[in-house]
J.: 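Before I ask anything, let me first share the structure, which is written out below as structure tokens.
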Amino acid sequence: MFARIREDIASVFQRDPAARTTWEVLTCYPGLHAVWMHRIAHALWNGGWRWLARWTAHWSRWLTGIEIHPGAKIGRRLFIDHGMGVVIGETAEIGDDVTLYQGVTLGGTSWNQGKRHPTLGNKVVVGGGAKVLGPFTVGEGARIGSNAVVVKEVPPGATAVGIPARIVQEQIEPSEQVKAIAQTLGFDAYGLSKDMPDPVAGAISRMLSHIQELDERVVQLCRVLHQMDARMPETELSKLDLPEFCAEGPVVKSGGSQAD
């Protein structure tokens, strides 16, 4: 139990830059409290104590503003950020490392018994206010945009936005450079990624890629200067043919003329 609690706390620090201390996470994150109380309610539900399970879930909603039916199946490291207004139905299934934001509904569209609610694969991100309605699967690594209404299956790694939701980007295998940048920056909040058709996201992604390239070129330049003995007099440095160090062309001074 304590290992799972430590795991849940660590997932908050990985996905929420506002988290500062463990004590703050323990006492001020209703998403964690709702998940922990759901584990109790779910155990009671599976043990046949159905009324007591519903009563526990009822108090959890009153305390946290998050309604999770005790029959729902939730994987490890679920992170509900902010959380107010989140509703998770009885037959919903949630994989590992899933992130839900405020106002998300995992609901059903049928009065029939049996599977009525969606299944979320591992590492799914559902933006604020999104509604995922029906007994279908949202594939692993998929992203649901804020306020989207999803009524049909979403492929793994795809991005769905709009009302009704449409697939705007299929899964694309990222390059090694993009993987390195993503690992440096960490979690993409609210499902914002390079592959989304958002001009702001695209511009930021291109800037990050350019910064990465500049860093690599600076490292290469320093390595060459060390090999040439960078401690040579300044008069000799001024005689270096600087353009040959630059792959893109000659270096230009601030005044616009080519460097000597």
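It should be emphasised that the depicted structure is a prediction, and the values quoted were computed from it without experimental measurement.
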J.: With under 30° as parallel and over 60° as perpendicular, where do the rings of W59 and W62 fit, or are they tilted in between?
T.: perpendicular
J.: Write down the atom of V124, the atom of G121, and the distance for their closest heavy-atom approach.
T.: CG2-O, 3.2 Å
J.: Can you see which heavy atom on I66 is nearest to which on G83, and at what distance?
T.: CG1-O, 3.1 Å
J.: Run the salt bridge (charged side-chain N to carboxylate O under 4.0 Å, His left out) test on R77 and E7 for me, step by step, so that the C-alpha distance in whole Å, both residues' side-chain angles and the decisive distance to 0.1 Å come before the verdict.
T.: CA-CA 7 Å; R77 298 176 296 277; E7 188 176 71; 3.0 Å; yes
J.: Quick one: does T91's side chain have a donor or acceptor within less than 3.5 Å of a partner on R116's backbone?
T.: yes
J.: Could you check whether atom CH2 of W49 has more than 12 heavy atoms from other residues, nucleotides or ligands sitting under 6.0 Å from it?
T.: no
J.: When you look at CZ of R20, are more than 12 heavy atoms from neighbouring residues, nucleotides or ligands closer to it than 6.0 Å?
T.: no
J.: Would a line drawn from the ring center of H42 to the ring center of W45 be shorter than 6.0 Å?
T.: no
J.: When P118 is tested against each of V151, V126, L106, L133 for side chain to side chain contact (heavy atoms under 4.5 Å, CB included), which residue passes?
T.: L106
J.: Will you find, in the side chains of T99 and R15, an N or O donor that is under 3.5 Å from an N or O acceptor?
T.: yes
J.: Is the ring pair H33/W36 parallel, tilted or perpendicular, if the boundaries are 30 and 60 degrees?
T.: tilted
J.: Which of these, L120, V125, V138, sits in a side chain to side chain contact (heavy atoms under 4.5 Å, CB included) with V98?
T.: L120
J.: Backbone N or O of N122 within a donor-acceptor pair of the D96 side chain at under 3.5 Å?
T.: no
J.: Can you name the nearest heavy-atom pair linking P30 to T64, along with the distance?
T.: O-CG2, 3.7 Å
